[in-house]
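This report refers to the structure that appears directly beneath it.
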Amino acid sequence: MSVQQYDEIGEAFEGFKSLPLMRYGEVPSFLGLVGDVRGKSVLDLASGTGFYGREFKRRGAAEVLGIDISGEMVAAARRFEEREPLGVRYEVGDVAELRPLERRFDLATGVQLLNYAQDVAAMERMCRNVHRSLRPGAEFFVLAQNPDYGMDDPALSKYGFRCESTGEEAETGPRVRITALLDPPISFVANCPRREVYESCLRAAGFDEPTWLPLEISDAGLREFGTDFWADLLAEPPLEMLRCRA
């Protein structure tokens, strides 16, 4: 997948987190999945503009290293760090070719990471590099498109997004175009890997207990929009989470 599409988005990527799906679904669900990070070292892969890395530091993480393939995304994250110094470090890097790190981390996160592997071999390399960077028993938390999601669902637009099939098929699964309905809209293309591809690559890298978990809607989201508003999303969630252990 081209790095250019994310270089062109840059700091505007932060706007994604204001959309209903992100604000009341992804963000609280993923932070809840990761849980208590107090005193822990966190490796934030595909860190983007640093949203989750900053949240982990605010929640008491002892150390956070964010790594992203996009130089512009990392530059934007560093600008946020300059405005509000939290002690998060960032560097540019391709997880499929990740350099050996100076230490092993207590946990790793990969939000929209593994779905950018060009093929199965690249995803397995990513998983091996993550595993090598974690202490034994540490957990790896993943968030990506739901492998079973039906594309071209118009109901998704009321949650701030549009998801369309490109008609192309990668080795890992179909390719999709995702549009965030901001002003102006922002689109990018990714793969939607099959469930068994994720699991086989993680196991080949040495991870155990891969477990899929559903997206949930926060109490704040239910209060603001009501239960009926979220019915379509909960019936067919576009995102899903995965945890496993090194």
Side-chain angles (χ1 to χ4, degrees), residues 1 13-35 44-46 48 51-52 55 108-117 123 127 139-167 169-170 172-182 185-202 207 209-244:
M1 225 58 65
F13 191 70
E14 284 286 302
F16 283 42
K17 297 299 188 284
S18 68
L19 298 171
L21 172 59
M22 301 288 102
R23 184 175 181 182
Y24 298 115
E26 179 199 300
V27 172
S29 292
F30 193 70
L31 291 175
L33 174 68
V34 175
D44 183 21
L45 300 167
F51 176 88
Y52 282 109
E55 282 298 311
T109 60
V111 174
Q112 305 293 5
L113 166 67
L114 298 180
N115 48 314
Y116 283 100
M123 187 186 288
C127 294
E139 289 186 299
F140 179 32
F141 301 94
V142 174
L143 185 140
Q145 281 80 22
N146 179 348
D148 304 320
Y149 182 68
M151 304 301 167
D152 308 308
D153 181 0
L156 189 60
S157 62
K158 69 180 176 181
Y159 308 116
F161 285 86
R162 188 167 60 245
C163 185
E164 307 159 287
S165 171
T166 67
E169 186 84 14
T172 59
R175 296 187 73 185
V176 298
R177 177 174 292 102
I178 299 165
T179 302
L181 301 177
L182 298 165
I186 295 174
S187 294
F188 55 97
V189 175
N191 295 334
C192 187
R194 296 179 297 278
R195 199 175 297 274
E196 63 270 20
V197 173
Y198 281 112
E199 294 177 4
S200 64
C201 288
L202 287 165
F207 285 102
E209 305 170 22
T211 303
W212 293 91
L213 297 121
L215 210 66
E216 297 181 350
I217 302 303
S218 68
D219 290 341
L222 294 173
R223 285 194 302 270
E224 180 162 344
F225 291 99
T227 304
D228 290 347
F229 175 81
W230 298 106
D232 290 326
L233 185 142
L234 293 174
E236 189 177 14
L239 302 174
E240 196 165 359
M241 303 181 294
L242 176 63
R243 72 188 302 167
C244 53

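Keep in mind that this is a model prediction, so the values were computed, not measured.
- Side chain of T179 to backbone of L181: no donor-acceptor contact under 3.5 angstrom is found.
- Heavy-atom minimum distance, P147 versus Y198: CG-CE1, 4.2 Å.
- At distances below 3.5 Å, at least one donor-acceptor pair connects side-chain atoms of E236 with backbone N or O atoms of G150.
- Ring pair Y52/F30 is perpendicular by interplanar angle, where above 60° counts as perpendicular and below 30° as parallel.
- The backbone N or O of R177 sits nowhere less than 3.5 Å from a side-chain atom of T166 that would complete a donor-acceptor pair.
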Report task. Give the intermediate values and the outcome of side-chain contact (heavy atoms from CB on, under 4.5 Å) for residues Y24 and Y159. Result -> CA-CA 10 Å; Y24 298 115; Y159 308 116; over 6 Å; no
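- In plain terms, the two heavy atoms of V27 and K17 that are nearest each other are CG2-CD, 3.6 Å.
- The closest donor-acceptor contact from the side chain of N146 to the backbone of P237 lies under 3.5 Å.
- The side-chain heavy atoms of L182 and F16, taken from C-beta on, include a pair separated by under 4.5 Å.
- Across every non-hydrogen atom of F140 and G110, the tightest pair is CE1-N, 3.8 Å.
- Expressed to the nearest 0.5 Å, how far CG of D44 lies from CZ of F51 amounts to 11.0 Å.
- The environment of E164 atom CD is dense: over 12 non-hydrogen atoms of other residues, nucleotides or ligands sit within 6.0 angstrom.
- Under the 4.5 Å side-chain criterion, counting only non-hydrogen atoms from C-beta, N115 is not in contact with C192.
- To the nearest 0.5 Å, atoms CZ (R162) and OG (S187) are separated by 6.5 Å.
- A donor-acceptor distance shorter than 3.5 angstrom exists from the side chain of T211 to the backbone of E209, with no hydrogens or angles considered.
- Rounding to the nearest 0.5 Å gives a distance of 10.5 Å between CG of L21 and SG of C163.
- Taken to the nearest 0.5 Å, the CE atom of M241 stands 6.0 Å off from the CG atom of L215.
- Counting all heavy atoms, side chain and backbone alike, C127 lies closest to L202 at SG-CD2, 3.6 Å.
- When all heavy atoms are compared, the tightest approach of S165 to G167 is OG-N, 3.1 Å.
- Tested against V142 for a side chain to side chain contact (heavy atoms under 4.5 Å, CB included), the candidates T109, V111, L114, L113 yield a single pass: L114.
- Between the side chain of W212 and the backbone N or O of R195, no donor-acceptor pair lies under 3.5 Å.
- Side-chain atoms of S200 come within 3.5 Å of backbone atoms of V197 as a donor-acceptor pair (strictly under, hydrogens ignored).
- Considering all non-hydrogen atoms of both residues, C244 and P210 come closest at CB-CA, 3.9 Å.
- Residues L239 and F161 form no side-chain contact, since every pair of their non-hydrogen atoms from C-beta on lies 4.5 Å or further apart.
- Rounding to the nearest 0.5 Å places CG of L213 at 8.0 Å from CD of E240.
- Within the 4.5 Å cutoff, side-chain heavy atoms of L143 are placed close to those of Q112.
- Taking CD of E26 as the start and CD1 of I217 as the end, the distance is 11.0 Å to the nearest 0.5 Å.
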